[in-house]
**Student:** 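Attaching a single structure in structure tokens format; questions to follow.
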Amino acid sequence: MNLTGNTIFITGGGSGIGRGLAEALHRLGNQVIVSGRRKGHLEATTKANPGMQSLELNVENPASIASVSKRLTADFPNLNVLINNAGVMQTDDAAGVIDDAVLKSTIATNLLGPIRLTSALIEHLKTQAKATVIYNTSVLGYVPLALTAVYSSTKAALHTYTLSQRYKLRGTSVSVLEIVPPWVQTDLMNSNAEPRAMPLREFIDETIKVLGTDAEEILVERAKPLRNNPGPNEGAFVTQFNDLMLQPQSSDFVSQA
């Protein structure tokens, strides 16, 4: 991906990985528009980065997606990069009763939201000489964390959707990329101070370097062991991973999750 001269729209851009990517791409000379539900976070982000723009967006709400997409293409006709980053992560109990509110919110935000938003913008993106759609998934789409079964499932689904969309858009001006983060120090699951998680700045720096290559999957080194897991014996690996996750700071293997 060309890292300069783009007009980039990032969902969930007011905090965490979204803000980190927004600021890094802003510094590289791109026009960046961040979005999210929390107005205060958006204002803080744009204030800290003069020239960056923001739009309030609730990716759970189809009407909000339709309205923002219309405004976005009107106000930023050169829009050529969409980064589907917004996501929610909550614990659930796959061995018991799943809270319906958690189920609906997680699927609507993590899966339906990116699909709906990309659908709303795809015809516009096709008109650009070079455009990119990026999905932020997770290594948990490959090695599920049993404590967040629904979240892990949405990321697995988003990965397969990415593959299908990339195939369907072959031969067009639109490329489809997937960022696959490991465990990163963000607000998700209160991981800001978690020593086993990858520091956010380190993750962003390494991600930007890979993003500037021809790679279709944007993988930092910490993500690769879990990304490479799926296969005939993946069940045993998933069991080992989840056992280790229940033992805080038990091994270097866990730090790669």
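Basis for what follows: all heavy atoms, side chains included, without hydrogens, waters or symmetry-related copies. One-based numbering along the sequence shown.
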**Student:** M89 and side chain to side chain contact (heavy atoms under 4.5 Å, CB included): which single residue from N110, L140, T186 fits?
**Tutor:**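 Passing option: L140.
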**Student:** Go through it in stages, so that I can follow the logic: the residues are E221 and K224, the test is salt bridge (Lys or Arg N to Asp or Glu O under 4.0 Å), and I'd like the CA-CA distance, side-chain angles, deciding distance and then a yes or no.
**Tutor:** CA-CA 6 Å; E221 287 301 317; K224 291 179 180 179; 2.7 Å; yes
**Student:** What is the distance from atom CZ of R71 to atom CG of L57, rounded to the nearest 0.5 Å?
**Tutor:**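 The CZ atom of R71 sits 11.5 Å away from the CG atom of L57.
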**Student:** Out of Q165, H159, K155, which one pairs with Y135 under the side-chain hydrogen bond (donor to acceptor under 3.5 Å, both in side chains) rule?
**Tutor:**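 The single option meeting the side-chain hydrogen bond (donor to acceptor under 3.5 Å, both in side chains) with Y135 is Q165.
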**Student:** Does some side-chain heavy atom of L25 sit less than 4.5 Å from a side-chain heavy atom of I208?
**Tutor:**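 Yes, their side chains come closer than 4.5 Å.
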**Student:** With side chain to side chain contact (heavy atoms under 4.5 Å, CB included) as the test, would you mind laying out the steps for R37 and V59 before giving the verdict?
**Tutor:** CA-CA 8 Å; R37 287 181 283 193; V59 295; 5.8 Å; no
**Student:** When you check the gap from the basic side-chain N to the acidic O, do K126 and E123 get nearer than 4.0 Å?
**Tutor:**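 Salt bridge between K126 and E123, a charged N being under 4.0 Å from a carboxylate O: yes.
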**Student:** V210, V133: one ILVMFWY side-chain cluster at the under-4.5 Å cut-off?
**Tutor:**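 V210 and V133: separate clusters.
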**Student:** Could you walk me through whether E178 and R166 pass the salt bridge (Lys or Arg N to Asp or Glu O under 4.0 Å) check?
**Tutor:** CA-CA 10 Å; E178 178 183 358; R166 183 180 298 141; 5.0 Å; no
**Student:** Which heavy atom in Q31 sits nearest to a heavy atom in G51, and how many Å separate them?
**Tutor:**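 For Q31 versus G51, the nearest heavy atoms are NE2-O, 3.3 Å.
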**Student:** Do D100 and K104 sit within salt-bridge range, that is, some charged N less than 4.0 Å from a carboxylate O?
**Tutor:**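 Yes.
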**Student:** Find the distance between CG (L121) and CG (N80) and round it off to the nearest 0.5 Å.
**Tutor:**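 L121 atom CG to N80 atom CG measures 12.0 Å (nearest 0.5 Å).
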**Student:** Taking the side chain as C-beta and beyond, is there a heavy-atom pair between L79 and F9 under 4.5 Å?
**Tutor:**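 Heavy-atom side-chain distance check passes, below 4.5 Å.
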**Student:** Of all the heavy-atom pairs spanning S119 and I122, show the shortest one and how long it is.
**Tutor:**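 For S119 and I122, the tightest heavy-atom pair comes out as O-CG2, 3.5 Å.
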**Student:** Would you say Q185 and N192 are linked by a side-chain donor-acceptor pair, where the criterion is simply a distance under 3.5 Å?
**Tutor:**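 Distance-only check fails for N192 and Q185.
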**Student:** Looking at T172 and L169, would you say the former's side chain and the latter's main chain have a donor-acceptor pair under 3.5 Å?
**Tutor:**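 Such a contact is found between T172 side chain and L169 backbone.
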**Student:** Is the backbone of T106 close enough, under 3.5 Å, to the side chain of T109 for a donor and an acceptor to pair up by distance?
**Tutor:**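 Checked: no pair found.
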**Student:** Can N58 and S64 be counted as having a side-chain donor-acceptor contact under 3.5 angstrom?
**Tutor:**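 Their side chains do not contain a donor-acceptor pair, so the 3.5 Å distance test is not met.
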**Student:** CG of L200 to CG of D205: how many Å apart, nearest 0.5 Å?
**Tutor:**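 With rounding to 0.5 Å, CG (L200) is 9.0 Å from CG (D205).
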**Student:** Can you tell if the side chain of T207 reaches within under 4.5 Å of the side chain of I179, non-hydrogen atoms only?
**Tutor:**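 Yes, close enough: below the 4.5 Å cut-off.
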**Student:** Kindly give the heavy-atom pair with the smallest separation between D92 and A146, and that separation in Å.
**Tutor:**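 Closest approach of D92 to A146: OD1-O, 4.2 Å.
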**Student:** Quick check: is I83 connected to V184 through a chain of hydrophobic side chains (ILVMFWY, heavy atoms under 4.5 Å apart)?
**Tutor:**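 V184 and I83: one cluster.
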**Student:** Are L147 and V102 linked, directly or through other ILVMFWY residues, by side chains that come within less than 4.5 angstrom of each other?
**Tutor:**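 Shared cluster, no.
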**Student:** Applying the 4.5 Å side-chain criterion to the ILVMFWY set and letting contacts propagate, would Y161 and I218 be lumped into a single cluster?
**Tutor:**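 Different hydrophobic clusters.
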**Student:** If I compare all heavy atoms of L219 with all of A223, which pair ends up nearest, and what's the gap?
**Tutor:**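 Minimum heavy-atom separation between L219 and A223: CD2-CB, 4.1 Å.
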**Student:** Just so I know, are the side chains of I33 and I10 near enough to count as touching, which here means a heavy-atom distance under 4.5 Å?
**Tutor:**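 I33 vs I10: side chains apart.
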**Student:** Do L145 and M245 touch side chain to side chain, with heavy atoms closer than 4.5 Å?
**Tutor:**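 Yes. Closest side-chain heavy atoms under 4.5 Å.
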**Student:** For P144, is there any backbone N or O sitting under 3.5 Å from a side-chain donor or acceptor partner on N242?
**Tutor:**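 Pair found, side chain donor or acceptor close to backbone of P144.
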**Student:** Could you see if V238 belongs to whatever hydrophobic cluster contains V139? Use Ile, Leu, Val, Met, Phe, Trp, Tyr and a side-chain cutoff under 4.5 Å.
**Tutor:**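 Yes, one cluster joins them.
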**Student:** Apply the test side chain to side chain contact (heavy atoms under 4.5 Å, CB included) to residues W183 and M198: give CA-CA distance (whole Å), side-chain angles for both, the deciding distance (0.1 Å), then the verdict.
**Tutor:** CA-CA 6 Å; W183 194 1; M198 186 175 187; over 6 Å; no
**Student:** Between R227 and E217, does any NZ, NE, NH1 or NH2 come within less than 4.0 Å of an OD or OE carboxylate oxygen?
**Tutor:**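 R227 and E217: salt-bridged.
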**Student:** Yes or no on side chain to side chain contact (heavy atoms under 4.5 Å, CB included) for F241 and V143, after CA distance, side-chain angles and deciding distance?
**Tutor:** CA-CA 8 Å; F241 169 72; V143 183; 3.4 Å; yes
**Student:** Given the rule in the side chain to side chain contact (heavy atoms under 4.5 Å, CB included) test, do T148 and Q90 qualify, once you have shown the distances and angles that lead to the verdict?
**Tutor:** CA-CA 6 Å; T148 58; Q90 301 181 68; over 6 Å; no
**Student:** Donor-acceptor check, side chain of R116 to backbone of G113, threshold 3.5 angstrom: yes or no?
**Tutor:**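 Flag not set: sc R116 to bb G113 has no pair under 3.5 Å.
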**Student:** Rounded to the nearest 0.5 Å, how far apart are CG of L188 and CD of E194?
**Tutor:**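 That separation rounds to 13.0 Å.
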**Student:** So, taking the atom named OG in S175 and the one named NZ in K130, what distance separates them when rounded to the nearest 0.5 Å?
**Tutor:**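 The OG atom of S175 sits 5.5 Å away from the NZ atom of K130.
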**Student:** Under 3.5 Å, side chain of N6 to main-chain N/O of N30, donor-acceptor pair present?
**Tutor:**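 Answer holds: no.
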**Student:** Just wondering, do I8 and H26 contact through their side chains at under 4.5 Å, heavy atoms?
**Tutor:**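 When only atoms from C-beta onward are counted, I8 and H26 do not touch, as no gap falls below 4.5 Å.
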**Student:** Evaluate the side-chain proximity of T4 to N2: yes if any heavy-atom separation is below 4.5 Å, no if none is.
**Tutor:**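 Yes, at least one pair of side-chain atoms sits under 4.5 Å.
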**Student:** Indicate yes or no: at least one non-hydrogen side-chain atom of Y151 is less than 4.5 angstrom from one of T91.
**Tutor:**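 The answer is no, as the side chains (C-beta and beyond) never meet within the 4.5 Å cut-off.
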**Student:** Can you find a side-chain donor-acceptor pair between T118 and N84 that sits under 3.5 Å?
**Tutor:**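 Present: a donor and an acceptor within the cut-off.
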**Student:** Taking all heavy atoms of A44 and all of R19, pick out the closest pair and write down the distance.
**Tutor:**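 Scanning both residues completely, I find the closest heavy atoms to be O-NH2, 4.0 Å.
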**Student:** For the backbone of T7 and the side chain of N78, can you confirm whether one donor and one acceptor N or O come within less than 3.5 Å of each other?
**Tutor:**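 Side chain of N78 to backbone of T7, a donor-acceptor pair under 3.5 Å: no, none is there.
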**Student:** Any idea which heavy atoms bring V34 and L42 closest together, and the distance?
**Tutor:**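 Closest approach of V34 to L42: CG2-CD2, 3.9 Å.
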**Student:** Using 0.5 Å steps for rounding, measure from the OG atom of S153 to the CG atom of L158.
**Tutor:**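 So the OG of S153 and the CG of L158 are separated by 12.5 Å.
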**Student:** Do S105 and E60 meet the criterion of a side-chain donor-acceptor pair at a distance under 3.5 Å?
**Tutor:**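 Yes - a donor-acceptor pair under 3.5 Å links their side chains.
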